[in-house]
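Scroll down for the structure; my scribbles are underneath it.
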Amino acid sequence: MLVVGGGIGGLSAAFALAREGVRVRVLEQAREFGEVGAGLQIAPNCTRILREYGLLDEAGSLGVLPKSMVMRDAVDGAELTRLDLTDLERRYGFPYMVIHRSDLHAIFLRACRRAGVDLVTDARVVGYENLAPGARVRLADGRTDQARIVIAADGLRSVARGLLSGDEPVSSSYVAYRAAVPIEQAGRDVDLSEVSVHVGPGCHFVRYGLRGGEMLNQVAVFRSPRALAGEEDWGTPDELDDAFAGTCREVRTGIPLMWRDRSWRMFDRDPIMTWVDGDIALLGDAAHPPLQYMAQGAIMAIEDGWVLARQAAAHRAADGTIDWRGALAAYEAVRPEHCRRVVTTARAWGELWHLDGIARHRRNTLLRARDTYDYSFIDWIYGPTALTPQEEPPMFSPIPLDSADRP
Ligand code: FAD
């Protein structure tokens with residue numbers, strides 16, 4: 001098998017498949033395997049998979065297990081709603097973790113090495129071709145490679161996606177600034193026992209600890225007026241400062257720490273329900289890049305690899321051969337609908353977070369009325385990853401809470 005792209009999606013899928021005895025080669029365009037960026041939130045639907053892979057303890061030793069997630073209004077700083085992450089772990093059986101993305105990436109890289117995955121860098125794939133059976137990829141330097149199955153985990157601007165759709169990334173006109181700095185640089189008392197999200201008009205601000213509390217991670221996201229005006233040069237640091245000028249002191253004191261030399265313009269794509277073309281399949285952001293408001297992008301990619309590996313195992317005959325067409329069909333039967341829900345819900349959450357005026361006050365009233373222990377809006381996300389469409393839970397259908405479960 002060939003996996004194109006050595007991000008968190010590609011490496012985690014390569015590891016999952018190697019665990020099932022599949023021979024896997026990863027082709028990564030960069031000179032070295034690595035991840036740029038800062039923190040990642042890893043919800044129970046992913047820590048469950050890390051536990052199964054035997055990687056959760058290693059992740060836990062590098063990450064932080066926060067006690068609560070608190071949403072506040074970015075203008076007046078008032079608390080709107082919270083999740084008790086200790087209770088959440090009790091409900092779903094697995095912890096909510098925050099971890100530096102380079103640490104999680106490195107965990108999968110080491111796991112791939114141990115599992116014997118062939119890891120190739122400097123290999124940019126520019127073309128795909130089905131051979132029936134099997135598929136071939138063409139590299140930028142003219143070389144070719146081929147395998148029984150090709151998994152394209154080549155991210156938001158996936159080349160392989162062009163086989164299945166003529167769509168383009170959709171700009172949200174929002175941009176993210178990040179910072180992961182030693183905690184001493186915070187210059188203020190920060191409660192690292194919580195993941196904190198301040199939501200405001202056209203902006204939000206996320207903060208949590210990393211590396212056992214040695215680092216502070218911050219994400220500042222805002223709508224760019226210049227993007228809305230159709231200008232090329234948008235999302236610049238002056239727009240960052242303007243966007244957060246009207247926020248509460250707690251948020252404003254965090255803004256000077258943001259890295260100003262890089263930013264991430266935020267794109268997603270409209271959902272597509274066909275991810276498989278012959279013996280070539282999409283995975284991760286290549287298939288379903290979301291806006292990051294639900295913090296499920298990397299998680300969905302890890303879930304994709306887990307489902308693919310489980311389906312490969314389920315379609316293995318007594319002589320060890322795998323019915324790959326069957327496995328890919330089973331993968332495609334379950335994953336696109338789940339990811340479609342996440343991608344579209346993330347868009348809706350973004351709209352809710354960024355409301356202004358009377359709508360902002362109405363939102364705040366509704367969020368304040370939410371019971372801390374009401375999980376009806378997240379059960380469908382944080383529960384076990386479905387292997388079949390029948391296992392996929394309905395969205396927002398309240399599962400009665402057992403009051404005895406409350407702390
Ligand atoms: P990528 O990370 O894009 O990896 C693609 C890989 O393929 C790269 O290594 C690239 O170099 C390689 N590649 C690309 N093209 C080629 C080619 N032609 N040939 C060979 N190699 C190629 N997700 C969460 O789960 N939790 C969070 O808290 C979270 N927070 C986020 C915060 C922000 C601000 C943003 C922007 C995203 C966040 N996400 C989060 C989303 C998450 O980062 C992505 O969904 C995830 O990294 C996607 O992984 P991937 O491996 O599919 O794609």
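Order of appearance sets the numbers: ligands from 1, and atoms from 1 within every ligand.
- With a heavy-atom cut-off of 4.0 Å, A153 touches ligand 1 through its backbone alone.
- The nearest protein atom to atom 11 (O) of ligand 1, hydrogens excluded, is given as E28 OE2, 2.7 Å; this is a heavy-atom distance.
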Atom pairs and distances, side-chain donor-acceptor, residues 194-206, under 3.5 Å, sequence neighbours left out:
unit_1	atom_1	unit_2	atom_2	d
E194	OE1	R72	NH2	3.4
E194	OE2	R72	NH1	2.9
E194	OE2	R72	NH2	3.2
H204	ND1	H354	NE2	2.9

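- The distance criterion of under 3.5 Å between nitrogen or oxygen atoms is not met by G39 with respect to ligand 1.
- A cation-pi arrangement is found for R265 relative to W234, the charged atom lying closer than 6.0 Å to the ring centre and inside a 45° cone about the ring normal.
- The single protein non-hydrogen atom nearest to atom 14 (C) of ligand 1 is D154 O, 3.3 Å, given as residue, atom name and distance.
- Here atom 19 (N) of ligand 1 lies nearest to V125 when heavy atoms of V175, L156, V125 are compared.
- Looking only at heavy atoms of the protein, atom 49 (O) of ligand 1 is closest to G9 N, 4.1 Å.
- The contact set between ligand 1 and Q296, taken as ligand atoms under 4.0 Å from a residue heavy atom, comprises 24 (C), 25 (O).
- Not a single heavy atom of R157 sits closer than 4.0 Å to an atom of ligand 1.
- At the shortest separation from atom 28 (O) of ligand 1 among protein heavy atoms lies Q41 N, 2.8 Å.
- Near L27, meaning under 4.0 Å from any of its heavy atoms, are these atoms of ligand 1: 20 (C), 21 (N).
- Counting heavy atoms under 4.0 Å from ligand 1, residue L40 touches it through both backbone and side chain.
- Residue contacts with ligand 1 for V221 are absent, since no atom lies close enough (heavy atoms, distance under 4.0 Å).
- Between W264 and ligand 1, no pair of N/O atoms sits closer than 3.5 Å.
- By the 4.0 Å heavy-atom criterion, M300 is excluded from the residues contacting ligand 1.
- Of all atoms in ligand 1, listed by their number and element, those nearer than 4.0 Å to a heavy atom of G284 are 52 (O).
- Residue contacts with ligand 1 for A123 involve N, CA, C or O but no side-chain atom from C-beta outward (heavy atoms, distance under 4.0 Å).
- The two residues A286 and A152 make their nearest non-hydrogen contact at CB-O, 3.6 Å.
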Stepwise side-chain contact (heavy atoms from CB on, under 4.5 Å) check, V125 with R138: CA-CA 6 Å; V125 172; R138 192 161 39 81; over 6 Å; no
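- With sequence neighbours left out, Q292 forms a side chain to side chain donor-acceptor pair (under 3.5 Å) with no residue at all.
- The backbone N or O of Y373 sits less than 3.5 Å from a side-chain atom of D371, completing a donor-acceptor pair.
- A donor-acceptor distance shorter than 3.5 angstrom exists from the side chain of T253 to the backbone of R249, with no hydrogens or angles considered.
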Trace of the side-chain contact (heavy atoms from CB on, under 4.5 Å) decision for S263 with L240: CA-CA 10 Å; S263 59; L240 166 74; over 6 Å; no
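- Checked against a 6.0 Å centroid threshold, the rings of F15 and Y53 count as neighbours.
- Ion pairing of D238 with R260 is absent here, as no side-chain N (NZ or NE/NH1/NH2) approaches a carboxylate O to less than 4.0 Å.
- E168 and R269 are not joined by a salt bridge, as no carboxylate oxygen comes within less than 4.0 angstrom of a charged side-chain nitrogen.
- A salt bridge does not link D285 to R157: none of the charged nitrogens lies less than 4.0 Å from a carboxylate oxygen.
- Put simply, no part of A30 is less than 4.0 Å from ligand 1, judged by heavy atoms.
- At least one heavy atom of R178 sits less than 4.0 Å from an atom of ligand 1.
- When each atom of ligand 1 is checked for a heavy atom of G5 under 4.0 Å away, the hits are 6 (C), 7 (O), 12 (C), 21 (N).
- Salt-bridge check for R316 with E20: passed, with a basic side-chain N closer than 4.0 Å to an acidic carboxylate O.
- Counting protein heavy atoms only, atom 45 (O) of ligand 1 is closest to D285 OD1, 2.8 Å.
- R101 NH2, 3.7 Å is the protein heavy atom nearest to atom 30 (N) of ligand 1.
- In terms of protein heavy atoms, atom 42 (C) of ligand 1 is closest to A298 N, 3.6 Å.
- Near V4, meaning under 4.0 Å from one of its heavy atoms, ligand 1 places the atoms 19 (N), 20 (C).
- Atoms of ligand 1 lying under 4.0 Å from at least one heavy atom of I8, given by number and element, are 51 (O).
- Around the CZ atom of R252, the shell of radius 6.0 Å holds more than 12 heavy atoms that belong to other residues, nucleotides or ligands.
- Distances between N or O atoms of Q29 and those of ligand 1 include at least one value under 3.5 Å.
- Classification of D118 and R23 as a salt-bridged pair fails, no side-chain N sitting under 4.0 Å from a carboxylate O.
- Less than 4.0 angstrom separates some heavy atom of E35 from each of these atoms of ligand 1: 2 (O).
- Ligand 1 has no N or O atom lying under 3.5 Å from any N or O atom of A176, backbone or side chain.
- Of all protein heavy atoms, the one closest to atom 1 (P) of ligand 1 is G155 CA, 4.3 Å.
- Looking at ligand 1, you'll find an N or O of I299 within less than 3.5 Å of one of its N or O atoms.
- Inter-residue side-chain proximity for Y177 and W259 is flagged as unmet; no heavy-atom pair is nearer than 4.5 Å.
- Residue Q292 has no nitrogen or oxygen atom sitting less than 3.5 Å from a nitrogen or oxygen atom of ligand 1, judged on distance alone.
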Y293 and D268: CA distance, side-chain angles, deciding distance, side-chain hydrogen bond (donor to acceptor under 3.5 Å, both in side chains) verdict: CA-CA 11 Å; Y293 308 133; D268 67 359; over 6 Å; no
